[in-house]
Trainee: 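Submitted below is the structure of interest, expressed as structure tokens.
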Amino acid sequence: MSITKKLITWYSKNKRDLPWRETTDPFKIWLSEIIMQQTRIEQGTSYYLKFVDEFASVEELAIAPEDKIMRMWQGLGYYSRARNLHAAARQIKNQYEGQFPVSYKELIKLKGVGDYTAAAIASITNNEAVPAVDGNVKRVIARLFDIRDDISTAKTYNTIKNISAQLITKDDPGTFNQALMDFGALRCTPKNPKCTDCPLSEHCLAMQSGMVQELPVKYNRTKKKYRYFNFLILELKNGKQDFFYILQRTEKDIWNRLFQFPLIESEQLLKENALIKELSKRIPDAEAGELTISRQYKHLLSHQIIFAQFIRIRLKNEPQKIPSQWIKIPKHKIVDYGIPRLIDQYLKTEYF
DNA sequence: GAGCCGTGGGC
DNA sequence: TGCCCAAGGCT
């Protein structure tokens, strides 16, 4: 029996029961694909359910405010996906009259939809025989064909895509693509792959050459950058309500479009004296009262390691000379804003 | 092409 | 002050 047939058979018995496998609605398939990019099923599923519950159609998503989408995406990471999701929804509303495109050719034009995602959606919703090559597929095919080249290069990507194009079935390409991915996720795993009784072992060249554990090969390790964040929580009591200041991140940097407390980035975490000096430099007319420094947090990102501390400062007066982008909000309203995980965890464990 | 962009979990 | 990986895409 061919690799393809064995794979399809394996899939019919072992496929994962996932919410978006109950539909071929391109809107829902697209949502699931964007949410699951570089994300584990266990992490992304609740977000998928939340989004399909909140937005019945791509048009509803298109007219939603961006801040609402960012709030809903909070905690999922890679926030450019959320911004691109919104942009793509507006593209579809404006250029396709709300009719979701299903061909690879049109899908690839959407913001946030690259080669993998366009192929996945087109194969599932439009029966196009286009190979969807994700991390799972790269690994499975690298092992099956004993490909020892660096899988992070475009050349190897094309090699693998061509092989998958040879294997894909024209009658049910969506199932084939998903079968290959599930096989990688459940069976041909990065570590400790289940090679015993593997239905594809007789086809597996890496198995024959003893290279399974060494594949796939991936170079290109970039060093992580260290950063030090001092967040200022400037607290105001105004009558009965408690307020503090937040602002939106808008630079080409991490956490773009999320909200945060006023930030002082430094070479090392600052001590109390330096903090007071920085505060008076930034807000000359502020009268600081009690000052409390949190524990030190270490927050890991894909390319950065962030050390952070949060400094609560009671203000005795309401300063006038504050930066224009700062927003004064009642503390409890912070739940309406999308914030980074780091800040969310601080607020939940130490602040509220 | 290479660097950048989050978060959580396994080991 | 660990390292790798996960349904990638953008610049």
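All values below were derived from every heavy atom in this structure, side-chain atoms included, with hydrogens, water molecules and symmetry-related copies excluded.
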Trainee: Where the side chain of A:Asp134 is defined as all heavy atoms beyond and including C-beta, which of C:dT1, C:dA7, B:dG6 is the nearest nucleotide?
Mentor: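 Output: C:dA7.
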
Trainee: Atom CG of A:Leu85 and atom C1' of C:dG8: how far apart are they, to the nearest Å?
Mentor: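 Computing the A:Leu85:CG to C:dG8:C1' distance gives 14 Å.
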
Trainee: Please give, in whole Å, the distance from C:dG8 P to A:Lys138 NZ?
Mentor: 9 Å

Trainee: For the pair A:Phe229 and A:Trp255, name the ring-plane relationship: parallel under 30°, tilted 30 to 60°, perpendicular over 60°.
Mentor: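 Taking A:Trp255 first and then A:Phe229, their aromatic rings stand perpendicular (interplane angle over 60°).
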
Trainee: Categorize A:Ile41 for me: base, sugar-phosphate, or nothing, with a 4.0 angstrom heavy-atom threshold over every strand shown.
Mentor: base

Trainee: Step through the shown structure and confirm whether more than 12 heavy atoms of other residues, nucleotides or ligands are within 6.0 Å of NZ on A:Lys50.
Mentor: yes

Trainee: Start at the 5' end of DNA chain B and walk down; is the nucleotide closest to A:Asn192 or to A:Ile254 reached first?
Mentor: A:Ile254

Trainee: Does any non-hydrogen side-chain atom of A:Val212 lie less than 4.5 Å from one of A:Cys195?
Mentor: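 They are in contact (side-chain heavy atoms under 4.5 Å apart), so the answer is yes.
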
Trainee: Can you tell me, in whole Å, how much space there is between the P of C:dA7 and that of B:dC5?
Mentor: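 It works out to 22 Å between them.
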
Trainee: Rounded to whole Å, how long is the line connecting atom CD1 of A:Ile305 with atom C1' of B:dC5?
Mentor: 15 Å

Trainee: Any salt bridge linking A:Glu214 with A:Arg148? Criterion: basic side-chain nitrogen under 4.0 Å from a carboxylate oxygen.
Mentor: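 The answer is no: the pair does not qualify as a salt bridge.
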
Trainee: To the nearest Å, give me how far apart CZ (A:Arg81) and P (C:dA7) are.
Mentor: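 Whole-Å distance recorded here is 13 Å.
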
Trainee: Return yes when atom NZ of A:Lys109 has more than 12 non-hydrogen atoms of other residues, nucleotides or ligands closer than 6.0 Å, and no otherwise.
Mentor: yes

Trainee: For nucleotides B:dG1 and C:dA6, find the distance between their C1' atoms and express it as a whole number of Å.
Mentor: 23 Å

Trainee: More 5' along DNA chain C: A:Asn84 or A:Asn136, using each one's nearest nucleotide?
Mentor: A:Asn136

Trainee: With distance as the sole test, does A:Arg227 use its side chain to make a donor-acceptor pair with the main-chain N or O of A:Phe307 at under 3.5 Å?
Mentor: no

Trainee: In terms of the nearest nucleotide of DNA chain C, which residue is placed more toward the 5' end: A:Ala185 or A:Lys298?
Mentor: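 Closer to the 5' end of DNA chain C: A:Lys298.
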
Trainee: All N/O contacts under 3.5 Å from nucleotides 7-9 of chain B to the protein, with atom names and distances to one decimal?
Mentor:
residue : atom : partner  : partner atom : Å
B:dT7   : OP1  : A:Tyr79  : OH           : 2.8
B:dT7   : OP1  : A:Arg341 : N            : 3.0
B:dT7   : OP2  : A:Trp255 : NE1          : 3.3
B:dT7   : OP2  : A:His299 : NE2          : 2.6
B:dG8   : OP1  : A:Arg341 : NE           : 2.2
B:dG8   : OP1  : A:Arg341 : NH2          : 2.4
B:dG8   : N2   : A:Arg40  : NE           : 2.9
B:dG8   : N2   : A:Arg40  : NH2          : 2.8

Trainee: Measure NZ/A:Lys224 against C1'/B:dG3 and give the value in whole Å, please.
Mentor: 14 Å

Trainee: Nearest whole Å is fine: how far is C:dG9 P from A:Asp115 CG?
Mentor: 7 Å

Trainee: Any idea which heavy atoms bring A:Trp73 and A:Phe51 closest together, and the distance?
Mentor: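 Closest approach of A:Trp73 to A:Phe51: CE3-CZ, 3.7 Å.
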
Trainee: Is A:Trp73 touching bases, backbone alone, or none of the nucleic acid, heavy atoms closer than 4.0 Å?
Mentor: nothing

Trainee: Tell me whether the side-chain N/O atoms of A:Thr117 come closer than 4.0 Å to OP1 or OP2 in C:dA7.
Mentor: no

Trainee: Given C:dT1, C:dG9, C:dA6, identify the nucleotide with an atom nearest to the side chain of A:Tyr226.
Mentor: C:dT1

Trainee: Taking atom P in both C:dG9 and B:dG8, what distance in whole Å separates the two?
Mentor: 22 Å

Trainee: With a 4.0 Å cutoff (strictly under), does any side-chain N or O of A:Arg83 reach OP1 or OP2 of C:dC10?
Mentor: no

Trainee: What's the gap between B:dG6 and C:dT1 when it is taken at their P atoms, as a whole Å value?
Mentor: 26 Å

Trainee: Just how far, in rounded Å, is P of C:dG8 from CH2 of A:Trp30?
Mentor: 17 Å

Trainee: A:Leu236, A:Ile329: one ILVMFWY side-chain cluster at the under-4.5 Å cut-off?
Mentor: no

Trainee: Separation of A:Ile151 atom CD1 from C:dA7 atom P, in whole Å?
Mentor: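 Going from CD1 in A:Ile151 over to P in C:dA7 covers 11 Å.
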
